[in-house]
Chemist: 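Here it is, the structure in full.
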Amino acid sequence: MDITVKPNLDGASGDLLILPVFEDRAWGPGADVVATGLGDWLEDYLDGLDFTGKVGQAAAVPGANGFGQILFIGLGDEADADVLRKAAGIAGRAAMRYESVTTTLSEIEIDGAVDAVAYGFLLGQYRFGKYLSEPKLSQTAELVLIGSDENGEVAHAEAVAAGVAMARDLINEPAGGKKPEVLADIAVSMAGDLGIDITVYDRDEIEAQGFGGLLAVSLGATNPPRMVVMNYRPEGAEKTLALVGKGIVFDSGGLSIKPASGMETMKTDMSGAACVFGAIRAIATLGLKVNVMAITPLTENMTGGAAQRPGDIYKARNGKTVEVLNTDAEGRLVLGDGLALAAEDKPDLMIDIATLTGACMVALGKGIAGLFGSDDDSADQVEAAARRAGEKVWRMPVDKDLRSKLDSPIADLKNIGDRYGGAITAALFLQEFTDGLPWAHLDIAGPARADDDDGYIAKGGTGFSVATLVAVAEDMATG
Ligand code: BES
Ligand code: ZN
Ligand code: ZN
């Protein structure tokens with residue numbers, strides 16, 4: 001899709017014009033002129049549709065002013081960037097079959113309006129059509145945004161949206177089509193395109209490197225694991241951000257097996273890794289001046305005859321021994337090795353991203369990620385980035401009082417606590433591998449996957465956290 005920015009509607013024409021409307025049908029930029037041109041019937045018609053301008057409302061009317069069709073989009077009382085992204089997502093979905101689209105949503109006077117509208121529109125049109133005989137993909141070839149783009153907002157939106165779309169594609173792919181080696185190959189080709197360093201460790205190297213948690217989880221799988229480490233090192237960068245993404249391409253639970261219903265969505269248990277891929281892609285595309293180390297342990301969690309047994313003990317990359325009492329608490333095992341590896345380079349900040357616990361979803365619902373941090377600065381930094389990115393996170397405590405729940409009589413720690421505070425004990429487990437460095441953990445078990453279309457989110461993998469991670473990188477970049 002070709003996205004251009006124009007200062008006003010003069011001489012514009014095309015298949016579809018999308019216009020903003022505030023609550024109580026207060027016309028947004030461009031809408032008043034068109035509404036007047038359409039005639040007196042319009043108000044009655046919109047009354048009949050009960051279209052008042054609430055956030056998310058949409059009303060299509062016949063064309064005018066050089067456009068084949070007009071679409072009014074509700075923005076509610078006041079539009080901020082979140083509302084614009086959402087409205088643009090709805091507009092994008094409604095505009096799928098129109099080739100040339102123009103909108104004045106981007107003329108709303110807030111910072112980043114062009115970015116928000118381009119981002120929402122692009123992702124609103126996202127579809128995973130790969131396995132459909134007749135996929136209904138976007139026909140939109142040209143999007144004209146009315147407004148002004150002084151700071152490369154379109155390029156920014158395109159880079160981040162492409163990272164999110166990549167993550168969504170990987171998450172939506174069935175597990176059989178994304179074996180660890182396949183994902184590693186995708187990372188290699190992406191790294192090649194972007195000029196990023198990459199190292200892929202195979203099963204034997206994983207063992208030799210002491211990635212004991214990743215190896216332990218992989219034992220029950222026929223498809224071998226991979227550890228993928230990418231390094232983006234632009235000239236002029238001063239700080240280093242390490243990203244560690246949980247890459248369980250399918251979580252059966254292992255011998256602590258999940259019920260059938262619990263497995264239905266477990267192809268999405270590599271969302272953390274997918275988002276790390278998407279984020280480093282966006283960061284490198286934008287040329288942000290910050291070093292990024294992206295670590296993604298990739299494996300299936302299966303029940304083969306060689307699978308780890310509840311009660312088995314492994315030694316992690318940092319030398320700590322772990323008694324595995326529940327093989328379904330596997331994410332923390334692979335992340336522990338990833339975090340330990342990251343910590344060896346002493347980055348300024350480490351962030352791990354994982355569909356880690358059902359408990360976090362119980363606590364915060366499906367739309368909000370749990371944010372844990374080693375200290376206020378690290379957590380605040382991620383929280384502020386998430387707010388800018390329009391992703392909902394909520395700070396959770398890394399409460400030391402619960403650490404004793406992970407005590408094991410025969411190993412340095414065990415991999416589960418008791419019934420209560422499951423998202424917190426998981427975070428406390430991860431912290432054991434961070435070597436006391438600044439660290440944040442995003443438990444995205446809820447928001448990684450959507451049950452329905454909503455704004456610029458499409459049912460299925462969401463790519464939640466890509467935009468936040470890019471925003472953190474922007475914050476840490478020089479220049
Ligand atoms: N991948 C799951 C967590 C999950 C559950 C993500 C549902 C998204 C939706 C994780 O590996 C897991 O199974 N965690 C267990 C931990 C427990 C055994 C301590 C859980 O949350 O039940
Ligand atoms: Zn699990
Ligand atoms: Zn899992």
Side-chain angles (χ1 to χ4, degrees), residues 171-172 175 178 180 213-214 216-221 225 244-275 296-303 307-312 322-338 352-370 372 396 402-403 405-406 408 413-430 432 441-451 459-465:
I171 297 165
N172 289 330
K178 57 181 176 192
L214 175 56
V217 175
S218 76
L219 293 174
V244 183
K246 172 175 174 181
I248 302 297
V249 301
F250 187 75
D251 184 9
S252 73
L255 288 177
S256 312
I257 196 165
K258 288 182 184 293
S261 62
M263 268 183 235
E264 281 175 12
T265 59
M266 280 303 131
K267 69 172 184 181
T268 63
D269 211 21
M270 40 62 79
S271 295
C275 289
T296 52
L298 307 169
T299 182
E300 297 178 348
N301 186 24
M302 301 293 277
T303 59
Q308 65 172 338
R309 293 149 289 245
D312 280 356
V322 179
E323 184 185 13
V324 179
L325 290 174
N326 189 318
T327 63
D328 196 12
E330 84 298 337
R332 61 197 75 182
L333 274 51
V334 306
L335 290 168
D337 286 336
D352 75 77
I353 309 94
T355 45
L356 202 62
T357 66
C360 196
M361 229 186 326
V362 172
L364 297 176
K366 286 230 55 188
I368 305 174
F372 301 79
M396 302 277 277
L402 295 188
R403 170 60 186 80
K405 301 217 183 276
L406 297 173
S408 158
L413 67 164
K414 60 189 172 88
N415 79 327
I416 48 167
D418 60 19
R419 268 170 65 80
Y420 302 110
I424 300 171
T425 45
L428 283 161
F429 181 95
L430 296 179
E432 293 292 316
H441 156 56
L442 282 170
D443 191 333
I444 58 168
R449 207 186 154 280
D451 293 330
K459 181 179 163 75
T462 59
F464 180 101
S465 79

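For ligands, and for the atoms within them, numbers begin at 1 and follow the listed sequence. Worth saying up front: this structure is predicted, and the values here are computed from it rather than measured.
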Chemist: What is the distance from atom CD1 of I368 to atom CD1 of I444, rounded to the nearest 0.5 Å?
Modeler: 14.5 Å
Chemist: A side-chain contact here means heavy atoms from C-beta on lying under 4.5 Å apart; do P297 and D337 qualify?
Modeler: no
Chemist: Could you list which atoms of ligand 1 come closer than 4.0 Å to a heavy atom of K258?
Modeler: 2 (C), 12 (C), 13 (O)
Chemist: What protein heavy atom is closest to atom 9 (C) of ligand 1, reported as residue, atom name and distance in Å?
Modeler: M361 CE, 3.3 Å
Chemist: State the atoms of ligand 1, each with its element, that fall below the 4.0 Å cut-off from a heavy-atom position in T355.
Modeler: 1 (N), 2 (C), 3 (C), 6 (C)
Chemist: Below 4.0 angstrom from a heavy atom of K246, which ligand 1 atoms are there? Numbered from 1 as shown, please.
Modeler: 1 (N), 10 (C), 11 (O)
Chemist: Which protein heavy atom lies closest to atom 14 (N) of ligand 1, and at what distance to 0.1 Å?
Modeler: L356 O, 3.4 Å
Chemist: For N415, does its backbone N or O pair with a side-chain atom of R332 as donor and acceptor, under 3.5 Å?
Modeler: yes
Chemist: Would you say I248 reaches the Zn ion (ligand 3) with an N/O/S atom under 2.8 Å?
Modeler: no
Chemist: Strictly under 4.0 Å, does any heavy atom of M266 approach an atom of ligand 1?
Modeler: yes
Chemist: Among all protein heavy atoms, pick out the one at the shortest distance from atom 15 (C) of ligand 1; state its residue, atom name and that distance to 0.1 Å.
Modeler: D328 O, 4.0 Å
Chemist: Might you point out which heavy atoms bring M263 and K258 nearest each other, and give the distance in Å?
Modeler: CE-O, 3.2 Å
Chemist: Are any N, O or S atoms from D328 nearer to the Zn ion (ligand 3) than 2.8 Å?
Modeler: no
Chemist: What residue and atom, counting heavy atoms only, is the protein's closest point to atom 20 (C) of ligand 1, and at what distance?
Modeler: G358 N, 3.9 Å
Chemist: Taking all non-hydrogen atoms of both residues into account, name the closest pair between F372 and M396 and its distance.
Modeler: CE2-CB, 3.3 Å
Chemist: Between M270 and ligand 1, which part of the residue brings a heavy atom under 4.0 Å of the ligand: side chain, backbone, both or neither?
Modeler: neither
Chemist: Closest non-hydrogen protein atom to atom 17 (C) of ligand 1, residue and atom name please, with distance?
Modeler: A329 CB, 4.3 Å
Chemist: If you check every N/O/S atom of D269, which is the one nearest the Zn ion (ligand 3)?
Modeler: OD2
Chemist: Would you say ligand 1 has an N or O under 3.5 Å from any N or O of E330?
Modeler: yes
Chemist: Would you mind listing which atoms of ligand 1 come within a distance below 4.0 Å of any non-hydrogen atom of A445?
Modeler: 6 (C), 8 (C)
Chemist: Please confirm whether R332 comes within less than 3.5 Å of ligand 1 when only nitrogen or oxygen atoms on both sides are compared.
Modeler: no
Chemist: Can K414 and N326 be said to form a side chain to side chain contact (heavy atoms under 4.5 Å, CB included), step by step?
Modeler: CA-CA 9 Å; K414 60 189 172 88; N326 189 318; over 6 Å; no
Chemist: In ligand 1, which numbered atoms sit nearer than 4.0 Å to a non-hydrogen atom of D251?
Modeler: 1 (N), 2 (C), 10 (C), 11 (O), 13 (O)
Chemist: Can you name the closest pair of heavy atoms from A307 and M302 and give their distance?
Modeler: CB-O, 3.9 Å
Chemist: List the atom of A274, the atom of I171, and the distance in Å for their closest heavy-atom pair.
Modeler: CB-CG1, 3.6 Å
Chemist: By the definition side chain to side chain contact (heavy atoms under 4.5 Å, CB included), identify the one residue from L356, I416, I424, L333 that meets it with F429.
Modeler: L333
Chemist: Among the N/O/S atoms of D251, select the one at the shortest distance from the Zn ion (ligand 2) and name it.
Modeler: OD2
Chemist: Evaluate the criterion salt bridge (Lys or Arg N to Asp or Glu O under 4.0 Å) for residue pair K246 and D269; output intermediate values, then yes/no.
Modeler: CA-CA 7 Å; K246 172 175 174 181; D269 211 21; 3.2 Å; yes
Chemist: Let's go through T299 and I248 carefully: what are the C-alpha distance in whole Å and the side-chain angles of both, what is the deciding distance for side chain to side chain contact (heavy atoms under 4.5 Å, CB included) to 0.1 Å, and is it a yes or a no?
Modeler: CA-CA 5 Å; T299 182; I248 302 297; 3.7 Å; yes
Chemist: Identify, by name, the N, O or S atom of E330 lying closest to the Zn ion (ligand 2).
Modeler: OE1
Chemist: Which atoms from ligand 1 have a heavy atom of N326 less than 4.0 Å away?
Modeler: 18 (C)
Chemist: Taking T327 for the side chain and L255 for the main chain, is one N or O donor matched with an acceptor at less than 3.5 Å?
Modeler: yes
Chemist: Any idea which part of I248 is under 4.0 Å from ligand 1, heavy-atom wise: side chain, backbone, both or neither?
Modeler: neither
Chemist: Which pair of non-hydrogen atoms, one from T357 and one from G422, has the smallest distance, and what is that distance?
Modeler: CG2-O, 3.8 Å
Chemist: Using a strict cut-off of 4.0 Å, indicate which atoms of ligand 1 neighbour a heavy atom of I416.
Modeler: 19 (C)
